[in-house]
Amino acid sequence: MALQIYNTLTRQKEEFVPLHEGFVGIYVCGPTVYDDAHIGHGKTYVNFDVIVRYLRYKGYRVRYVQNITDVGHLLDTGEDRILKGARRERVEPMELVETYTRRYFEDMDRLNVQRPNISPRASGHIPEQIELVKRLLEKGYAYEVNGNVYFEVSKWPEYGKLSGRKVEELKEGARVEVREEKRHPADFALWKRAEPEHIMRWPSPWGEGYPGWHVECSVMSTKYLGQPFDIHGGGVENKFPHHECEIAQSEAAYGVPFCRYWLHNGMLMIRGEEMHKSLGNMITLRQAFAQYDPLAIRFFILGGHYRSQLDFTDEAMQAADKGLQRILGTVRAVRERMRSAGSADEADEADAGVLTMLDGIRVRFEEAMDDDFNTAQAVAVLFDLGREVNTLLNSGQPLSGATLAAIDALYRRLGGDVLGIVPEQLPEEAGVGLTDELVRILIEMRAEARQKKDWATADAIRDRLAAIGIALEDGPEGTRWRLAR
RNA sequence: GGCGACGUAGCCAAGUGGCAAGGCAAGGGUCUGCAAAACCCUCAUUCGCCGGUUCGAAUCCGGCCGUCGCCUCCA
C-alpha cells in the first residue's frame with residue numbers, strides 16, 4: 001500500500017510521491033539555541049524522527065535537514081534571543097549557541113532521536129541569505145528603508161495560501177506594532193539594520209545588519225535539498241507567519257514551487273494548557289528525564305497522532321511508562337529465551353505458523369504507518385504482537401532458535417528501527433557482566449533457601465534486591481531478574 | 001474580532017458512512033510457597049448537546065455548548 005500523507009498545503013491526505021524516485025528531501029524547522037530544550041521540542045522532534053525513520057524503512061534514501069537558529073530570531077521586545085541569552089549567562093553569543101546546541105543534541109540522543117544529516121546554522125549562511133534578499137529586491141518584491149529590507153506582501157498574491165489568511169484581514173486586530181517605515185503592516189523583514197549595541201552583525205549592501213528569521217529556512221532548505229523539495233515540517237504554531245513567509249520569499253525569488261508536502265505537528269500541552277514561560281509551566285527535557293525514563297517519554301509521544309495536541313500529565317506519563325515496560329518485558333523474555341536456548345540449534349527451522357502471525361503483524365503495522373504515520377495505531381499492533389508472543393512463550397511448547405530470532409528481528413525492525421522504543425540492548429543486557437553475575441549468585445542462594453522452604457531468607461533476598469531496583473521473577477524455567485524503576 | 005483544530009469509558013488515545021482499536025486503572029480467574037511477570041474473562045447498546053441527510057453516522061450537513069491553537073519572530 002502506498003504512503004498517504006496529510007498535506008497542510010492542500011488540506012487533505014495525498015499519496016506520497018517523491019520528486020526523485022527513491023530519494024526524499026525533508027527539512028524541519030529546528031530550535032533556536034538560547035536555552036534548554038523543553039518537552040514541546042521533544043514532541044516535535046520525536047514526531048519527525050519517526051517520520052524520517054519510516055521513510056527509510058520504506059526504502060527511501062532520506063536527506064534530513066534541520067536548522068539550528070543562532071541569529072535573527074527576535075523576542076517580541078525586539079531583542080535577539082541569542083543576545084539576550086548571552087547577556088544572561090555573560091558569555092559570547094557563539095559560546096551560548098555552542099553550549100545549547102550540544103545540550104540540544106544530548107537531549108535528543110536520550111530520546112533516541114536520530115540526528116539530522118545536516119544541521120546548518122543560520123550564522124553560517126549569511127552570504128546565501130543576502131543573495132536571496134538581493135534577488136527579491138531586484139525582482140521588485142522587496143524594498144529597502146533605512147538599512148532594513150522588507151518583503152512587500154501585496155506584490156505576492158499567493159501570500160496566505162498555506163495558512164488560509166487574507167492580507168486584508170491581517171490589518172485588523174493584529175497586535176503587531178506597526179512600524180511606520182513599512183508600506184503595509186503585514187510586510188515582514190528580510191534584513192535588519194543592526195543598532196550600535198547589536199553585536200551580531202554582518203556587512204551587506206544595505207549596511208551592517210542581520211537576516212530576518214524567515215530567510216534562513218528558505219535559504220538552507222533549498223541549498224541542500226533543491227527547489228522544490230519534498231517535505232517541509234514544523235510545529236503548527238509556525239504555520240503563520242513563519243512558513244507562509246518562507247513560501248512567499250522562495251517562490252517570489254525563483255518562480256518555482258518551494259516545497260511539495262507541508263507537515264505540521266500538534267503542540268504539547270501541560271495539563272490542558274499551552275506550555276509557556278509566563279504560565280510558569282515550562283518543563284525542560286532535562287527536568288523530565290529526572291522523573292521519567294526518556295524512552296517512556298518518547299513512547300508517550302508516540303501514543304498520540306503527530307498532528308494532534310498531546311496533553312502531558314503525570315497520570316498519562318505513568319500509564320505510558322507501564323505500557324512501555326509491558327512491551328519491553330516481552331522483548332526481554334524473547335531474548336533471554338534465545339540466549340538460554342543456546343546457539344547450538346543448527347538446522348532448526350522457524351515455525352511456519354509463527355512466521356505467518358509475524359507477517360500479519362508487519363502488514364498491519366505498515367498499514368497504520370502508511371496512513372499518515374499513525375503511530376498510535378502502530379503501537380497498538382505492537383501490543384497485539386506482545387500478547388501473541390507471551391502466549392507462545394508461556395505455552396510450554398519448544399520454540400526453535402530460528403523462531404525466536406524471527407520474533408526478535410520483527411521487534412527490532414518495527415519497535416526499534418521505526419518507532420525507536422525497543423533498544424538494541426536492554427539495560428539488563430548492557431549490564432550483563434559483573435551485575436549479572438552478582439545477581440545470579442544471589443538467585444542461586446535464594447534457590448537453595450527456597451528448596452529448604454526457608455521462605456524468610458528467600459523473601460529477604462528478593463526484597464532487598466527490590467529495594468535497589470532489581471526485580472526477581474520466578475518462572476518454570478528458573479528465576480529471571482530485571483531492572484525495575 | 002478574524003482564521004483553524006478538537007470534544008470517544010475513571011484516565012490517555014486510535015477510528016472519519018456499516019454493528020466502538022490499543023494502553024493505564026479497576027474487578028474476577030489461572031499460574032506461584034507468597035509474590036512478580038504473563039495469560040483468560042469483565043469493564044462505552046455508545047462516541048459534548050440538539051436537529052437534519054441516509055437503509056444505516058462517532059464518522060456527512062446545520063445549530064448550540066465547551067476546550068485549545070494561530071492572528072505576538074514559541075517546537
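Computed from a prediction, not measured in an experiment: that's the story for all the values here. Here is the naming used below: chain letters follow the sequence lines, and residue numbers restart at 1 for every chain.
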Looking for any heavy atom pair under 4.0 Å, which part of the strands does A:His305 touch: base, sugar-phosphate only, or nothing? sugar-phosphate
Judged by each residue's nearest nucleotide on RNA chain B, which is more toward the 5′ side, A:Lys322 or A:Glu388? A:Lys322
Taking atom P of B:rG4 as reference, at what distance in whole Å does atom CH2 of A:Trp262 sit? 19 Å
Exam field: side chain A:Gln129 to backbone A:His125, donor-acceptor pair closer than 3.5 Å: yes
Checking contacts here: which listed nucleotide (B:rC73, B:rA75, B:rC68) is nearest the side-chain heavy atoms of A:Leu268? B:rA75
Identify which nucleotide among B:rA36, B:rG69, B:rC11 has an atom closest to any side-chain atom of A:Glu315, counting heavy atoms from C-beta outward. B:rC11
Nearest-nucleotide pick for A:Thr391, side chain only, options being B:rC73, B:rA75, B:rC39: B:rC39
In chain order, what residues pass the side-chain hydrogen bond (donor to acceptor under 3.5 Å, both in side chains) check against A:Asn117, with sequence neighbours excluded? none
Hey, does the Lys NZ or Arg CZ of A:Arg307 hover above the aromatic six-ring of A:Tyr6, less than 6.0 Å from the centre and inside 45° of the axis? yes
Residue matched to B:rA9 through Watson-Crick or wobble contacts both under 3.5 angstrom: none
Where the side chain of A:Met269 is defined as all heavy atoms beyond and including C-beta, which of B:rG33, B:rG69, B:rA75 is the nearest nucleotide? B:rG69
Which of these, A:Arg103, A:Arg88, A:Arg286, sits in a salt bridge (Lys or Arg N to Asp or Glu O under 4.0 Å) with A:Asp35? A:Arg88
Could you please name the option among B:rG23, B:rA75, B:rC39 that lies closest to any side-chain atom of A:Ala319? B:rG23
Partner nucleotide, any strand, of B:rU59 [Watson-Crick/G-U, under 3.5 Å]: none
Any strand, both distances under 3.5 Å, Watson-Crick or G-U wobble: B:rA44 pairs with none
Tell me the interatomic distance from A:Phe240, atom CZ, to B:rG4, atom P, rounded to whole angstroms. 14 Å
Side chain of A:Lys192 (C-beta onward), nearest among B:rC73, B:rA75, B:rG22: B:rC73
Nearest-Å distance for atom pair NZ/P, residues A:Lys161 and B:rC3: 22 Å
Side chain of A:Ala376 only, please: which of B:rA75, B:rC12, B:rA14 is the nearest? B:rA14
Counting the atoms with a prime plus P, OP1 and OP2 as sugar-phosphate, which does A:Gly40 contact under 4.0 Å by heavy atoms, base, sugar-phosphate, or nothing? base
Mind checking if A:Arg326 touches a base, just sugar-phosphate, or nothing, with heavy atoms under 4.0 Å? sugar-phosphate
B:rU54 pairs with which nucleotide, Watson-Crick or G-U wobble, both distances below 3.5 Å? none
Can you check the A:Ile327 CD1 to B:rA37 C1' distance for me, whole Å? 16 Å
Ignoring backbone atoms, test whether A:Arg450 places a side-chain nitrogen or oxygen under 4.0 Å from the OP1 or OP2 oxygen of B:rG33. no
Of the nucleotides B:rG22, B:rC39, B:rG69, which has the atom closest to the A:Asn394 side chain? B:rC39
From the candidates B:rA14, B:rC34, B:rC11, the one with an atom nearest any side-chain atom of A:Asp459 is B:rC34
What is the distance from NZ of A:Lys43 to P of B:rA13, rounded to the nearest Å? 11 Å
Check the geometry between A:Trp455 and B:rG33 and answer yes if their rings are stacked (centres below 5.5 Å, planes below 30°), otherwise no. yes
Taking only N and O in the side chain of A:Asn374, is any of them less than 4.0 Å away from OP1 or OP2 of B:rG15? yes
Any side-chain N or O of A:Asn238 under 4.0 Å from OP1/OP2 of B:rA75? no
A:Phe383 ring centre to A:Arg326 NZ or CZ under 6.0 Å, with the angle to the axis within 45°? no
For A:Asn390, report the nucleic acid contact type (base, sugar-phosphate, nothing); a contact means any heavy atom under 4.0 Å. sugar-phosphate
Does the distance from a Lys or Arg side-chain N to an Asp or Glu carboxylate O, for A:Glu195 and A:Arg193, drop under 4.0 Å? yes
Using a 4.0 Å heavy-atom cut-off, does A:Ser308 contact any base of the nucleic acid, only the sugar-phosphate backbone, or nothing at all? sugar-phosphate
Classify the nucleic acid contact of A:Met317 as base, sugar-phosphate or nothing, counting any heavy atom under 4.0 Å across all strands shown. nothing
Of the listed nucleotides B:rC39, B:rA14, B:rG69, the one nearest the side chain of A:Arg387: B:rC39
Which heavy atom of A:Ile470 sits nearest a heavy atom of A:Trp481, and at what distance? CG2-CE3, 3.9 Å
Would you indicate what A:Phe48 reaches in the nucleic acid, counting non-hydrogen atoms under 4.0 angstrom: base, sugar-phosphate, or nothing? nothing
Contact nearer the 5' end of RNA chain B, comparing A:Phe299 with A:Met275: A:Phe299
For A:Gln318 and B:rC24, what is the distance between atoms CD and P respectively, to the nearest whole Å? 13 Å
Please confirm whether the shortest side-chain N or O distance from A:Arg446 to OP1 or OP2 of B:rA35 is below 4.0 Å. no
Under a 3.5 Å distance rule, please check whether A:Lys192 uses its side chain to pair with a backbone N or O of A:Gly209 as donor and acceptor. no
Protein-nucleotide distance (A:Arg462, atom CZ; B:rA36, atom P), rounded to Å: 9 Å
